[in-house]
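What follows is one structure encoded as structure tokens, with my remarks underneath.
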There are 2 protein chains.
Amino acid sequence: MDDIDRMLIGLLQEDATRSYAALGAAVGLSGGAAHERVRKLRERGLIRRTTVEVDPVAAGRGVLAYVMIDGNAWMGGTGEALRAIPEIEEAHVIAGPASVLAKIRASSTRELQAVLRRLFEIDGVAGTRTVVVLETFFERGVHVPGPSGAPPAGPHDPAVQARRKPSTSHS
Amino acid sequence: MDDIDRMLIGLLQEDATRSYAALGAAVGLSGGAAHERVRKLRERGLIRRTTVEVDPVAAGRGVLAYVMIDGNAWMGGTGEALRAIPEIEEAHVIAGPASVLAKIRASSTRELQAVLRRLFEIDGVAGTRTVVVLETFFERGVHVPGPSGAPPAGPHDPAVQARRKPSTSHS
DNA sequence: CAACATTCTGTCAATGTCATCCATGACAGG
DNA sequence: CCTGTCATGGATGACATTGACAGAATGTTG
């Protein structure tokens, strides 16, 4: 996991349709080497999968809301129950003012209401507090931290560096 | 935008490395036809882009938190100020108990604290309430609604149907 | 400490697969 | 009947994928 790997991930996050040749040229490597690195990144699970990003509005999911869910029991299978609701895009167990936080995308406030109704049918759900999103500034992928800035684990410098500084005379 | 388009989007969300031939076979179309449909979906902006999904933990971003930001001014350029912080993955203007909701991924609680400190340097930020995520049930892409279930806009049925049911003898 | 072995990662070239384009044909609606 | 839309099937060139080989970094041994 060096700088080149980080650059590759960044480039693929921007546009995963890039050819390996272009990818290699961008990081100062041959196409084959870039291919091999990306293959290993997938193998190691750092890159989970390749997917497409869908426009929520065009897909008829123009209403976004976050819901804090209060629970009165331990909610064993809550994760599965929430996963079964397609409008729920994320669900997390949280520490703080509620038990679970869910991200909901609906086609209308009316459908949002229907989803909330379904939440109450889940065992252990005692209450909900809904936060409606008025405008989204941005949504983006995970930022892969680089060596400059803040070191990932602490203030020790593992002296990672690019394995080579080629006189990259790519045209 | 018919059922076949929805299926194509769903398949591509699962795995965008699939070949167009496989894609076509899955929906009962030739490879060329599937290619043309996907091309139009991109053109229309329904598919924004192709990207890779990165494992946050492997990328050194094991700590996830949501932060509600209170503002005392109108915060004109707040969106840009938040975008400049790479640890912030999403930022939304919300209606309710705060002005802005941000999703933050940090490598440690210490780094999370550093991000919070940076938030207070933004003009108009008066306070924050942080919700730390203990466990993530799931995170997934936008669900594209189908005709069965709840119609997107209202109870009118445009009578969309598959154009053909070929005897797809794909091996 | 030096010579060697091992391993990792790169370049280059060959090959098969696949994206992409084009001409043609079927179907529905005006 | 004519026209626009959409699918098929084949041709072609680009690209993913693989294998052989080379150099550097690291570890091992005398």
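Letters A, B, ... mirror the listed sequences (proteins, then strands); counts begin at 1. Fair warning: this is a prediction, and the values are worked out from it, not measured in the lab.
The side chain of B:L29 lies closest to D:dT8, out of C:dA19, C:dT11, D:dT8. Nearest to the side-chain atoms of B:S19 among the listed nucleotides C:dA19, D:dC6, C:dT11 stands C:dA19.
With salt bridges taken as basic N to acidic carboxylate O contacts below 4.0 Å, one links B:R39 and B:E43. Taking the charged nitrogens against the carboxylate oxygens, A:D15 and A:R18 have no contact shorter than 4.0 Å, which rules out a salt bridge.
Aromatic ring pairs are classed by plane angle as parallel below 30°, tilted from 30° to 60° and perpendicular above 60°; the pair A:H35 and A:Y20 is perpendicular.
To the nearest angstrom, C1' of D:dC21 lies 15 Å from CD of A:E36. Between the C1' atom of D:dA14 and the NE2 atom of A:H35 lies a distance of 15 Å, rounded to the nearest Å. At whole-Å resolution of the value, CG in A:L12 and P in D:dA16 are 11 Å apart. Atom P of nucleotide C:dT9 and atom CZ of A:R37 are separated by 7 Å, given to the nearest angstrom. For B:K40 and C:dT20, the NZ to P distance is 15 Å, given to the nearest whole Å. Between the OH atom of A:Y20 and the C1' atom of C:dT17 there is a distance of 14 Å, rounded to whole Å. Protein atom CE of A:M1 is 18 Å distant from nucleotide atom C1' of C:dC8, rounded to whole Å. B:L8 has its CG atom 13 Å from the C1' atom of D:dA7, to the nearest Å.
Taking 4.5 Å as the limit, every side-chain heavy atom of A:V63 sits out of range of all side-chain heavy atoms of A:R105.
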